[in-house]
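Here is the structure we will look at, set down as structure tokens.
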Amino acid sequence: MPDSIRVADIAQYEGQEVTVKGWVYNRTHKGKLVFLLVRDGSGFVQCVAFKDDIEESMFDQLIRLPQESSVVITGSVRADKRAPGVPGGYEIGVKQVEILQEAGQEYPMSLKEHGVDFALDNRHLWIRMPSQWAILRIRATVMSAVREWLDTNGFIAMDTPILTPVAAEGTTTLFETEYFDEGKAYLAQTGQLYNEANIFAFGKVYCFGPTFRAEKSKTRRHLTEFWMVEPEIAFCDLDQLMEIEEQMITHIIQRVLKDRSAELKSLERDTEKLQKIKPPFPRISYDEAVKTLADIREKEMDREKKELLDFEWGMDFGAPHETELMAHYDQPLFIYGYPTEVKAFYMEPWPDRPEVSKSVDLLAPEGYGEICGGSERISDPDLLLKRIHEHDLPVEAFKWYLELRQFGSVTHSGFGMGVERVVAWICGIEHIREAIPFPRTIKRVYP
RNA sequence: UCCUCGCUAGCUCAAUUGGCAGAGCGAGCGGCUGUUAACCGCUAGGUUCUUGGUUCAAGUCCAAGGCGAGGAGCCA
């Protein structure tokens, strides 16, 4: 028997005496009884102390014990439908409390609502709150599910460098740093090019780590530092890529539903919408999406909204377009075959339609937008060189990348999935800054 | 870079046409045997983001600046 139990496992200990080590999340007292809501990292449990059951001096201490004090509580577990908490439904009848530290009285994160700025300034404390705790536990499960699915489906984890000499898509949106006598280095915005080298050694690979974008994007869907998993597969075309994406996403959803139902419930997430997610996901071409948008726009009576939906073939979709398109789907939606011009230089052109690329975005339902972006890569060395010239990229820096196409070039594809966007969708939260422990945005590098 | 909005007690917010600076939570004290962000009573708590201007009078109107949020563009 361990010296203490985890709150998450409390149901196993009904009727037994247990010890819990944790922190006082909330305290309320009612004359001769006091309720302590205690969190231990694995969950939240209500502890009830009656004045007659414990020493009087201890009871007097408990009724004024500040929020966040660290405690070791011993008592007996009983089922009680009234007991709040995560998972909830059980409480501890307190027999003994050891106060490790009485917290200071100036704890800033009171239980009432807080503004965005204040909450973010106190992110180091905010993560203790049930909502943030639940989101970040789900994030951990999402990341675990990603690795689990890839590892059991023949993918090899192959880490790509974070310090890189050149950008895959130009250097304007990269964080720059001095690199000894070698000139500038940049924080990676993707591991894709290195992944492409890796597939010729390992077949199916993925990298999974932080990526950095110095874009001045100030929206609820953007961070300057975010986590991305990027699978890359040899002998794989665009159709096969979409199958991989939908299988992986479905596995993630299933894992979270199975292992984090208490957290989803505490976030009041409508899990029925998640339970519905099943492959195959609907697939439409960019051309079809443009046509659908035109129809929607035609029927729209509101002039302002109509203007917002203005669109011509060749443009990339904005947020209003994505929202309108997704209004008709309760599954994630693949949109494939974007115009070559709006996409990156390395994408394979559509056979007999060079103005279209073999690219695909995956849009999440409920307005969460693009969660995956991928494509079939150019396998012809001459075409790739031509594209590098057209995009004014430094050929010398891409020498090794071009060589990949000279020694056993094959059809290959890959995609990137933004972890925080997926977590935000699964949790049903407004902003992706809550989907990472310490968010980095254009206006914030503290704490 | 552009557009829109905001800044008042530790926190979340109110303050009518320009006319005495307010509430809830949090903190302190007291009460209560089933609370769920408990409740009830009392107490303390203010450079209204900054600077300048208009006015008998500015939280409120004007100008400049600062900080933040949402969105556009760009993207996962």
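The sequence lines fix the lettering, A, B, ..., with proteins before strands; numbering per chain opens at 1. Bear in mind the structure is a predicted one, so any value in this text is a computation, not a measurement.
Contact annotation for A:Gln67: no contact, since no heavy-atom pair falls under 4.0 Å across all strands. Using a 4.0 Å heavy-atom distance criterion, A:Arg27 is classed as making no nucleic acid contact. Counting any heavy atom pair closer than 4.0 Å across all strands shown, A:Arg433 reaches sugar-phosphate atoms only and no base atom. Across all strands, A:Leu37 comes closer than 4.0 Å to no nucleic acid atom at all (heavy-atom distances). A:Asp361 comes within 4.0 angstrom of nothing in the nucleic acid, heavy atoms only. Among the heavy atoms of the strands lying under 4.0 Å from A:Glu91 is at least one base atom, whether or not backbone atoms are also near. A:Lys51 comes within 4.0 angstrom of nothing in the nucleic acid, heavy atoms only. Within the nucleic acid shown, A:Phe35 comes within 4.0 Å of at least one base atom, counting heavy atoms only.
Side-chain atoms of A:Thr441 and A:Arg433 include no donor-acceptor pair closer than 3.5 Å. In this model, no donor atom of one side chain and acceptor atom of the other lie less than 3.5 Å apart for A:Asp121 and A:Trp126. Counted by atom type alone, A:Glu17 and A:Thr74 present zero donor-acceptor pairs between their side chains at under 3.5 Å. Residues A:Thr224 and A:Arg213 have side chains that never bring a donor and an acceptor to within less than 3.5 angstrom of each other. Between the side chains of A:Tyr286 and A:Asp316, no donor-acceptor pair of N or O atoms lies under 3.5 Å. In the model, A:Gln247 has no side-chain atom that pairs as donor or acceptor with a side-chain atom of A:Glu243 under 3.5 Å.
A perpendicular orientation is assigned to the rings of A:Tyr338 and A:Phe317, their planes being inclined by more than 60° (bins at 30° and 60°). Ring pair A:Phe155/A:Trp149 is tilted by interplanar angle, where 30° to 60° counts as tilted.
B:C62 sits 24 Å from B:G68 when the P atoms are compared, rounded to a whole Å. When the C1' atom is compared between B:C20 and B:G31, the two are found 34 Å apart, to the nearest whole Å. Taking the P atoms as reference points, B:C42 lies 27 Å from B:U16, given to the whole Å. Taking atom P in both B:A9 and B:G22, the straight-line distance is 14 Å, to the nearest Å. B:U60 sits 7 Å from B:G18 when the C1' atoms are compared, rounded to a whole Å. With both ends at atom P, the span from B:U12 to B:C49 equals 14 Å, rounded to whole Å. Comparing B:C13 with B:A21, their C1' atoms are spaced 14 Å from each other, to the whole Å. Rounded to whole Å, the C1' atom of B:U1 lies 24 Å from the corresponding atom of B:A63.
Residue A:His431 places at least one side-chain N or O under 4.0 Å from the OP1 or OP2 atom of B:G70. One finds no side-chain N or O of A:Arg221 lying less than 4.0 angstrom from the OP1 or OP2 phosphate oxygen of B:G71. OP1 or OP2 of B:G26 has not a single side-chain nitrogen or oxygen of A:Gln105 nearer than 4.0 Å. The phosphate of B:G68 (OP1 or OP2) has a side-chain N or O of A:Lys443 nearer than 4.0 angstrom.
The nucleotide whose nearest atom lies closest to any side-chain atom of A:Ala319 is, among B:A72, B:C75, B:G70, B:A72. Comparing B:G34, B:C29, B:C75 by their closest approach to the side chain of A:Glu215 singles out B:C75. In the set B:G73, B:G30, B:G34, the nucleotide with an atom closest to the side chain of A:Thr219 is B:G73. The side chain of A:Glu113 lies closest to B:A37, out of B:A76, B:A37, B:C75. Relative to the side chain of A:Phe50, the nucleotides B:G73, B:C75, B:U33 differ in distance, and B:U33 lies closest.
When each of A:Met417 and A:Leu120 is assigned the nucleotide of RNA chain B bearing its nearest heavy atom, the one mapping closer to the 5' terminus is A:Leu120. With RNA chain B read from its 5' end, the first of the two nearest nucleotides for A:Glu106 and A:His29 is the one closest to A:Glu106.
For A:His222 against B:C75, a side-chain N or O and a base N or O form a donor-acceptor pair under 3.5 Å. One can find a donor-acceptor pair under 3.5 Å joining the base of B:C74 and the side-chain atoms of A:Ser217. Looking at A:Arg64, its side chain has no donor and acceptor atom pair within 3.5 Å of the base of B:C29.
Checking B:U35 for Watson-Crick or G-U wobble geometry (two distances, each under 3.5 Å) identifies no partner in any strand. Across all strands shown, B:U51 forms a Watson-Crick or G-U wobble pair with B:A63, both key distances being under 3.5 Å. Base-pair partner of B:C5: B:G68 (Watson-Crick or G-U wobble, both distances under 3.5 Å). Look at B:C56: its Watson-Crick or wobble partner, with both distances under 3.5 angstrom, is B:G19.
Separating the CZ atom of A:Phe226 from the C1' atom of B:C75 is a distance of 8 Å, rounded to the nearest angstrom. Regarding A:Ile442, its CD1 atom lies at a distance of 13 Å from the C1' atom of B:G71, rounded to whole Å. A straight line from CZ of A:Phe59 to P of B:G31 spans 11 Å, rounded to a whole angstrom. Atom NZ of A:Lys32 is separated from atom P of B:G34 by 12 Å (rounded to the nearest Å). Atom CG of A:Asp117 is separated from atom C1' of B:C5 by 15 Å (rounded to the nearest Å). Separating the NZ atom of A:Lys112 from the P atom of B:U12 is a distance of 13 Å, rounded to the nearest angstrom. Rounding to whole angstrom units, CD of residue A:Glu420 and P of B:C75 are separated by 19 Å. When the P atom of B:C2 is taken as reference, atom NZ of A:Lys218 falls 13 Å away, rounded to whole Å.
Counting heavy atoms from C-beta on, the side chains of A:Asp361 and A:Lys343 come closer than 4.5 Å.
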